[in-house]
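The residues of the chain are indexed from 1 along the displayed sequence. Owing to the predicted nature of the structure, the values given are computational and were not obtained by experimental measurement.
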Amino acid sequence: MISPTHEEIHSFSHHTCGQWNIYAGRGLPASSLQDAQGRPVGVLLGIAVGPAGLLTGPQQRLPLDSSAAEFWDRLEALIVETAGRFAFIVECGGQTRLYTDPVGMIGAVYDPVSRRIAASPLMALDRPLIPNPKFSLDVIQNHGGKISLFNTADKDVRRLNPNHYLDLRTFREHRFWPRGGDSFAAPQDPLEVYDRIYAQASASIGAIAAAYPTALPVTGGQDSRLLLTFAKPYTDRIRHYYSHINNYATRRDAAIGSLLCQRLGLQHEAFDKRHHSLAENEIRKRHNIYHLTTGTPAQPPQEHLNGTADALPEGTVILRGHLTDLLRAVFVTRPQALWDTAYWQIKKLLIVPKSMFGPQTAARFHDDFTAWQQTLNAPARSKAVDFMFMEIYYSATVGAVFPALWQHFYVSPFNSRKLIALSLSFAEKHRVTSEPVFDIIERFAPQLSDVPFDFETPPSLDSLYGSNGGFSTLTCNRRQAAMARLAQPLPAIPGSELAAEDLPAATAALAAK
């Protein structure tokens with residue numbers, strides 16, 4: 001929590017930045033920041049991997065001069081290059097600013113009245129919560145609805161747009177990324193971009209796993225396989241490779257995860273709910289903690305209620321694949337001509353389930369959505385649906401939920417604006433069919449490419465185990481296409497817009513999944 005007044009918070013560490021008091025919960029990494037000359041400039045919370053490696057320790061010296069006129073520009077350039085789950089609180093020249101990771105994974109909400117900032121709406125308040133009238137607690141509790149569009153459970157507390165900084169003097173937000181002159185133009189050499197993505201993502205994993213007890217969940221999906229590909233040079237640093245088993249679908253996930261680990265000579269652990277349980281009072285306690293942290297009666301993840309999450313030691317850093325899904329353009333389901341249309345985009349935010357969504361819900365949030373659209377500069381508007389996914393959907397989901405999962409520290413090593421920019425440089429028509437995902441895995445971990453994904457695997461688990469471990473009938477078409485692209489890179493495409501006539505062909509494979 002960040003507060004203008006001194007607070008007494010049991011077990012929280014206390015730091016200062018200018019006139020501001022900063023409190024970090026037990027176990028949350030916190031470093032005092034200095035400039036290159038040793039002058040104090042602020043505090044870093046969370047896990048952050050910069051261009052020179054992990055930013056860690058009681059004190060961290062940044063390669064910046066706080067007396068230079070370009071200090072803020074250079075700080076922002078450093079933050080753009082930084083991956084992880086973090087918050088920078090920085091003071092220079094009478095200004096104090098808060099910057100977070102690209103999707104607010106660290107959690108950041110603020111009350112402009114009390115001038116408090118926290119990961120939880122309730123902690124940001126110095127008064128009782130006043131329910132936000134735009135949202136139904138019944139829909140959240142019983143139908144999985146979400147509080148979105150920078151709203152919170154309280155009518156006044158706002159969630160920070162993660163690609164804006166918050167000016168603590170005025171409590172106003174200002175976009176700092178992307179900059180107006182940035183471009184997400186298609187790459188001249190896709191293979192060179194794959195190499196850059198692989199180098200930074202691998203370095204992030206290596207740095208995190210060298211400093212913290214780390215675990216990597218492995219499933220049949222694309223995101224976890226990308227992380228395993230990136231982790232290849234540092235597999236010995238990761239302590240646990242695992243899968244949760246809650247139902248038949250996750251049992252298939254675990255079977256595929258086991259095969260992937262076999263391919264790299266790694267030990268795979270399957271945490272089956274049939275072998276774990278929690279006492280009723282412990283389940284109630286976890287519900288209460290989750291509700292207090294999120295500010296809503298939302299349901300915690302199943303693994304935190306059936307005990308399988310407890311199979312990993314408390315305090316483990318768990319690597320998640322969030323943001324790698326930009327390489328699949330998961331929210332791009334309409335051509336660019338419809339990207340200004342609010343209705344279908346508000347529907348994708350899952351404020352209410354799709355079956356309950358209609359004109360009334362769209363109208364209730366139309367002003368919030370258009371207000372966000374107006375914050376987009378030209379480069380962000382060129383990838384507007386991806387920015388909706390990052391800034392609105394992700395900040396309202398992982399940004400709200402991760403602070404409530406207190407047993408472990410969840411972080412995406414791909415959560416970097418540099419990696420995001422590289423991912424967005426590929427045209428929608430290629431991303432929507434997962435071509436960059438398949439190409440990266442084929443290029444850097446072909447032994448993992450030969451194991452079928454969940455969408456390639458028939459219902460029976462027996463189909464996973466072919467003679468001599470061969471999977472040619474399940475994976476050959478995908479692999480041959482990737483090999484052809486890697487042998488002869490696609491030419492640069494002028495503009496990355498997805499034309500209406502391209503969409504049916506581009507999404508046919510996804511519809512089949």
Side-chain angles (χ1 to χ4, degrees), residues 29 31 33-36 41-57 60-66 68 70-90 92 97-106 108 161-165 174-185 187 192-211 226-227 230 233-234 319-320 322-324 326-327 377 379-380 383 386-387 390-391 394 411-426 440:
S31 297
L33 296 175
Q34 301 175 339
D35 74 357
V41 292
V43 176
L44 169 65
L45 302 178
I47 292 178
V49 183
L54 190 71
L55 301 174
T56 188
Q60 178 67 46
R61 188 166 289 196
L62 302 178
L64 306 171
D65 181 355
S66 60
E70 65 274 13
F71 170 78
W72 290 111
D73 287 341
R74 292 190 174 180
L75 174 68
E76 289 173 358
L78 173 70
I79 291 172
V80 166
E81 296 270 348
T82 299
R85 177 182 167 193
F86 56 82
F88 284 82
I89 306 97
V90 179
C92 181
R97 300 180 182 181
L98 167 69
Y99 295 85
T100 74
D101 61 76
V103 296
M105 195 173 286
I106 192 69
N161 183 322
N163 291 311
H164 291 206
Y165 70 81
H174 304 271
R175 180 174 291 280
F176 76 95
W177 187 81
R179 298 194 175 195
D182 288 347
S183 171
F184 301 115
E192 188 266 340
V193 176
Y194 292 155
D195 292 347
R196 292 171 64 192
I197 289 173
Y198 183 80
Q200 186 185 359
S202 292
S204 296
I205 290 174
I208 294 170
L226 267 174
L227 282 196
F230 298 141
Y234 305 104
L319 302 176
R320 297 294 293 263
H322 299 294
L323 278 303
T324 57
L326 290 174
L327 290 166
N377 54 18
K383 300 288 181 178
D386 294 300
F387 272 84
M390 288 186 288
E391 295 184 349
Y394 259 145
V411 61
S412 169
F414 204 82
N415 191 21
S416 149
R417 293 173 177 91
K418 176 182 176 182
L419 286 171
I420 290 167
L422 292 172
S423 300
L424 296 183
S425 71
F426 294 102
I440 290 170

Chi angles and distances behind the side chain to side chain contact (heavy atoms under 4.5 Å, CB included) call for Val193, Ser425: CA-CA 9 Å; Val193 176; Ser425 71; 4.2 Å; yes
Work out which heavy atom in [X] is nearest to a heavy atom in [Y]; give both atom names and the distance.
X: Val49; Y: Ala207; value: CG1-CB, 4.1 Å
X: Ile106; Y: Gly46; value: CD1-CA, 4.2 Å
X: Ala185; Y: Ser183; value: N-OG, 3.1 Å
X: Ala380; Y: Phe184; value: N-CE1, 4.4 Å

Do the side chains of [Y] and [X] get nearer than 4.5 Å, heavy atoms only?
X: Leu75; Y: Ile79; result: yes
X: Pro162; Y: Pro102; result: no
X: Pro413; Y: Leu227; result: yes
X: Ile47; Y: Phe86; result: no
X: Pro51; Y: Leu78; result: yes
X: Pro379; Y: Phe387; result: no
X: Leu326; Y: Leu419; result: no
X: Arg175; Y: Asn377; result: yes

Are the charged groups of Asp182 and Lys383 less than 4.0 angstrom apart, N to O?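 The answer is no: the pair does not qualify as a salt bridge.
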[X] [atom1] to [Y] [atom2] distance, which is reported to the nearest 0.5 Å:
X: Cys92; Y: Phe71; atom1: SG; atom2: CZ; value: 4.5 Å
X: Arg61; Y: Gln34; atom1: CZ; atom2: CD; value: 5.0 Å
X: Leu33; Y: Gln60; atom1: CG; atom2: CD; value: 7.5 Å
X: Thr100; Y: Phe88; atom1: OG1; atom2: CZ; value: 10.5 Å
X: Ile89; Y: Leu45; atom1: CD1; atom2: CG; value: 4.0 Å
X: Ile440; Y: Ile197; atom1: CD1; atom2: CD1; value: 4.5 Å

Please state whether the rings of Phe176 and Tyr165 are parallel, tilted or perpendicular, taking 30° and 60° as the class boundaries.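 Geometry flag for Tyr165 against Phe176: tilted rings.
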What residues form a side-chain contact (heavy atoms from CB on, under 4.5 Å) with [X], not counting sequence neighbours?
X: Pro63; result: none
X: Val80; result: Trp177, Arg417
X: Asp65; result: Asp35, Gln37, Arg39, Ser67, Ala68

Test of understanding: with side-chain hydrogen bond (donor to acceptor under 3.5 Å, both in side chains), list the residues that count as partners of Thr82, not counting sequence neighbours.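 Thr82: no side-chain hydrogen bond (donor to acceptor under 3.5 Å, both in side chains) contacts found.
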Set of residues satisfying ring pair (Phe, Tyr, Trp, His ring centres under 6.0 Å) with respect to Tyr394, sequence neighbours excluded: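 Ring pair (Phe, Tyr, Trp, His ring centres under 6.0 Å) list for Tyr394, sorted by chain: His322, Phe389.
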For Glu81 and Ser416, test the side chains for any donor-to-acceptor distance below 3.5 angstrom and give the result as yes or no.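 Ser416 and Glu81 do not have a side-chain donor-acceptor pair below 3.5 Å.
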More than 12 heavy atoms of other residues, nucleotides or ligands under 6.0 Å from CZ of Arg74: is that the case?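 No - once you tally the heavy atoms of other residues, nucleotides and ligands closer than 6.0 Å, there are 12 at most.
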As a quick check of understanding, evaluate side chain to side chain contact (heavy atoms under 4.5 Å, CB included) for Ser412 and Met105, giving each step before the final call. CA-CA 9 Å; Ser412 169; Met105 195 173 286; 3.8 Å; yes
Take Leu323 and Met390 through the side chain to side chain contact (heavy atoms under 4.5 Å, CB included) test and state the conclusion after the steps. CA-CA 8 Å; Leu323 278 303; Met390 288 186 288; 4.0 Å; yes
Can you tell me which residue pairs pass the salt bridge (charged side-chain N to carboxylate O under 4.0 Å, His left out) test with a partner in residues 97-106, sequence neighbours excluded?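 Qualifying pairs, neighbours excluded: Glu76-Arg97.
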For the side chain to side chain contact (heavy atoms under 4.5 Å, CB included) test, which of Leu327, Leu319, Ile420 pairs with Phe414?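 Exactly one option meets the side chain to side chain contact (heavy atoms under 4.5 Å, CB included) with Phe414, and it is Leu327.
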